[in-house]
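Here is the structure we will look at, set down as structure tokens.
Just so you know, these numbers use all the heavy atoms, side chains as well, and skip hydrogens, waters and symmetry mates.
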Protein chains: 2
Amino acid sequence: MTRPAYRRAEPDARRQSLIEAAARVLADRGAAGASVRTICAEAGVSPGLLRHYFDGIDALIAETYAWAGERVSRALEEAVADAGPEPRARLTAYVTGSFRAPIADPDLLATWIAFWSLARSNPAMEAMHRQVYADYLGPLEALLTECGVPAGAARMQAVAVTALVDGMWLELCLAPGVFSPEEASATARDWIARLLG
Amino acid sequence: MTRPAYRRAEPDARRQSLIEAAARVLADRGAAGASVRTICAEAGVSPGLLRHYFDGIDALIAETYAWAGERVSRALEEAVADAGPEPRARLTAYVTGSFRAPIADPDLLATWIAFWSLARSNPAMEAMHRQVYADYLGPLEALLTECGVPAGAARMQAVAVTALVDGMWLELCLAPGVFSPEEASATARDWIARLLG
DNA sequence: CGCTCTGTTATACGATCGTATAACAACACC
DNA sequence: GGTGTTGTTATACGATCGTATAACAGAGCG
């Protein structure tokens, strides 16, 4: 009855479990509580192992942000795909998708905040942020162009739509109850209607 | 020639100098670098003094946020006051003011991020955030009503305008250069024009 | 079965964290 | 000009931080 003291995991699975543990710790203890020890404990792993898979805790936070960002992007892409071929319906789906699960999740904000706090002082993190931001802007700009927004204006309109959605998403996560996800969604649709005329 | 080793300050002045030192440290070292010691060193004061004026470092961060928030509110109020009596011009001034000094300042974002990171796990901080947010929303809602937005819609439209402005402000601070303050300002005016018809 | 590789743990180190405490000294007051 | 109040400093404490290191042990392979 000598069961193994630990078991080896697939390298990718172990990395992923650390990333998800980091997201969980960020979610319920905040950036201040996200230390090497707490994250590794959450992952059920010894503290020393973190450095075996990541350059350091900042690198883990960055990868957690990238992973969460991809998850958000994928959710939005699916929402758009489910909306059918009509451009305007696709744009509406993109915009309102941010106010539904799994994106409208206060826990998710914790990852963003932790990363923003790194991005402001670490050039490599800032570059990663620019990349993720560009990946948001791109598809949205294409969607707007399909909806008839002039090519020259599409870029800044994509910036504005993103700002509107992110701004409401932020407050929805920071202070839930001030307005509802449904109100946010309806207001965003209203603004889109005004934009497209 | 025995000059004083230190000088006593007016209680309010000392508090204020600690608050401003906290803002400076947050600005150029980020939330991770804003410790009791670094902040007190920045203020030219011994570490122990912080607790003489504040309950702890989190309380100081909160007061720094409140102070910065009031400064922003005041700047916006001045911009509105300078815009004259015409409601629409006042609204435009309010909106575009966020993209000019002293608000469009990447350093300012550091204070917000540090506070957000506290607000998500500390109920007292969340309450303070709600207060500051309400203080933003109120005047804007009044402005929108003056511009002819129906009373029933003014609240969510104020939420939306705030979101649009804050969202662009955030990206402007996080990744300067992707778009310019002037572009942000022009786009915000464009959206306001669509909103008011 | 025994060897090898390496994922994993246990432990320790120096640094820094927020805070508590007591001595010191500036300034107001009589 | 002593004297008292208290703003301020200096120092120390225990906890926790991120990381380095060496020993251990799981798992594949001959």
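Across dC13(D), dC13(C), dT9(C), the shortest atom-to-atom separation from the side chain of Val45(A) is found for dT9(C). Taking the side chain of Tyr6(B) as heavy atoms from C-beta on, and the options dT9(C), dG18(D), dT8(D), the nearest nucleotide is dT8(D). Taking only side-chain atoms of Arg51(B), from C-beta outward, the nucleotide of dA10(C), dT19(C), dT19(D) with the closest atom is dT19(C). Distances were taken from every side-chain heavy atom of Arg7(B) (C-beta onward) to each of dT19(C), dC27(C), dT8(D); the shortest belongs to dC27(C).
For dA25(D), the OP1/OP2 oxygens have no side-chain nitrogen or oxygen of Arg8(A) closer than 4.0 Å. The side chain of Ser46(A) places no N or O atom within less than 4.0 Å of a non-bridging phosphate oxygen (OP1 or OP2) of dA10(C).
Atom CG in Leu60(A) sits roughly 11 Å away from atom P in dT19(D) (whole-Å rounding).
Mapping Ala32(A) and Leu49(B) onto DNA chain D via the closest heavy atom, the residue that lands nearer the 5' end is Leu49(B).
Looking at heavy-atom distances under 4.0 Å, Arg37(B) makes contact with a base. Looking at heavy-atom distances under 4.0 Å, Ile57(B) makes contact with sugar-phosphate atoms alone, never a base. Within the nucleic acid shown, Tyr53(A) comes within 4.0 Å of sugar-phosphate atoms alone, with no base atom in reach, counting heavy atoms only.
Under the 6.0 Å cut-off for aromatic ring centres, Trp112(B) and Tyr65(B) qualify, their centroids lying closer than that.
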